[in-house]
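Below: one structure, written as structure tokens.
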Amino acid sequence: MGSYKSQLNNRRAFIKKTAALAAAAATLKFSGSLSRGRSFPALFHLPQLPYKYSALEPHIDGKTMEIHYTKHHQAYVDNLNKALPSSDQVPALEQLMEKISTYAVAVRNNGGGHFNHSMFWQVMNPASGKSPDGRLAEAVTASFGTFEDFKKLFTNAALTRFGSGWAWLIKQNDQLVITSTANQDNPLMDIAEVKGTPLLCLDVWEHAYYLKYQNKRADYINAWWNVVDWNEVARRFQ
Ligand code: MN3
């Protein structure tokens, strides 16, 4: 309690000291909104969902989206802000991932949760195509055979991730690779067994599908393919 209070005071002093809000906003990539009940700007905040909760129905139901975004993702953001050390310099989220081994476990879990969910919302879209095209399609074919082969391998990675975690399509130099991570880890983290630039991710925590699919993770994954935003995946590929 005492150390939390002194963190608050340190942060207030810092804010007074810097005064120039524009400079602060430039440093803190995700700042800008006031966190509930706090008198200092949150270091990280919940990004806006790019569509309505019900937009991905029937594949992902609106209630699940609402709880997932407003409760789960919000909690990762809040707990990340609490877990970060009190200092003037907090790196942008991607840089935080790249040196996550130097932070406390709570930063790894909640920072990963914030990064992974922010990306997850973006790689889904109700008006998406059924498969990639252009250079991404060529890279998928070169790495996995056919698009159907790729889907099978990715689905298998998502299905066989024991417990809670994520499935990933990542880029390693010019090669595409499928991998999965436990808990809220991701392939950007310096502690990841398989590292690369994330292009596509799938949340296979039960909270992502339990209301509609209960224990049937395979049905959730099968439905999820209908809402993958291949334009966004292609943008990340380039
Ligand atoms: Mn989740």
Side-chain angles (χ1 to χ4, degrees), residues 30 35 42 44-84 93-94 96-97 100 103 105-126 128 154-170 178-189 191-192 194 198-229 232-233 236:
F30 285 86
S35 187
F44 293 100
H45 77 265
L46 196 62
Q48 196 162 11
L49 199 65
Y51 35 73
K52 291 180 178 172
Y53 299 136
S54 61
L56 305 178
E57 288 186 353
H59 310 295
I60 299 181
D61 66 284
K63 194 69 190 168
T64 293
M65 281 299 296
E66 183 179 353
I67 296 169
H68 202 172
Y69 172 75
T70 65
K71 305 295 183 197
H72 292 276
H73 191 172
Q74 182 73 62
Y76 294 122
V77 172
D78 292 345
N79 291 327
L80 171 61
N81 286 333
K82 279 182 210 162
L84 282 167
L93 197 50
E94 289 199 3
L96 191 66
M97 299 298 106
I100 204 70
Y103 288 87
V105 174
V107 175
R108 173 174 165 179
N109 289 338
N110 293 290
H114 180 32
F115 178 89
N116 298 352
H117 287 86
S118 298
M119 178 173 166
F120 188 48
W121 312 137
Q122 287 179 2
V123 297
M124 296 188 290
N125 192 310
S128 63
F154 188 98
T155 296
N156 191 52
L159 271 176
T160 55
R161 167 46 60 186
F162 182 77
S164 299
W166 293 75
W168 303 89
L169 173 66
I170 61 173
I178 292 166
T179 185
S180 74
T181 53
N183 304 317
Q184 295 295 352
D185 288 352
N186 65 56
L188 273 186
M189 290 180 170
I191 47 83
V194 182
L199 306 180
L200 177 66
C201 61
L202 172 59
D203 188 344
V204 293
W205 283 57
E206 280 189 344
H207 70 226
Y209 59 88
Y210 202 83
L211 282 185
K212 184 176 168 79
Y213 297 99
Q214 292 83 47
N215 59 318
K216 299 179 218 83
R217 187 188 283 190
D219 290 356
Y220 158 67
I221 297 167
N222 198 37
W224 173 77
W225 287 113
N226 291 296
V227 296
V228 172
D229 186 344
E232 175 60 18
V233 180
R236 288 166 183 270

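Just follow the structure's listing: the first ligand is 1, and inside any ligand the first atom is 1. All values below were derived from every heavy atom in this structure, side-chain atoms included, with hydrogens, water molecules and symmetry-related copies excluded. Start at 1 with the first residue, then count along the sequence.
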TODO: Taking the side chain as every heavy atom from C-beta outward, state whether H207 and I67 have any pair of such atoms under 4.5 Å apart.
DONE: no

Task: Donor + acceptor pair across side chains of W121, H73 (<3.5 Å) - done: yes

Open item on the list: Quick check for you: to the nearest 0.5 Å, what is the distance between Y53 atom OH and K63 atom NZ?
Closed with: 9.5 Å

Open item on the list: Please enumerate all residues that pass side-chain contact (heavy atoms from CB on, under 4.5 Å) together with A75, with sequence neighbours excluded.
Closed with: N79

Task: Non-neighbouring partners of R108 that pass salt bridge (charged side-chain N to carboxylate O under 4.0 Å, His left out), sequence neighbours left out - done: D185

Open item on the list: At a cut-off of 2.8 Å, what protein N/O/S atoms sit near the Mn ion (ligand 1)?
Closed with: H68 NE2, H117 NE2, D203 OD2, H207 NE2

Task: Which residues share a ring-ring contact (aromatic ring centres under 6.0 Å, His included) with F115, sequence neighbours left out - done: none

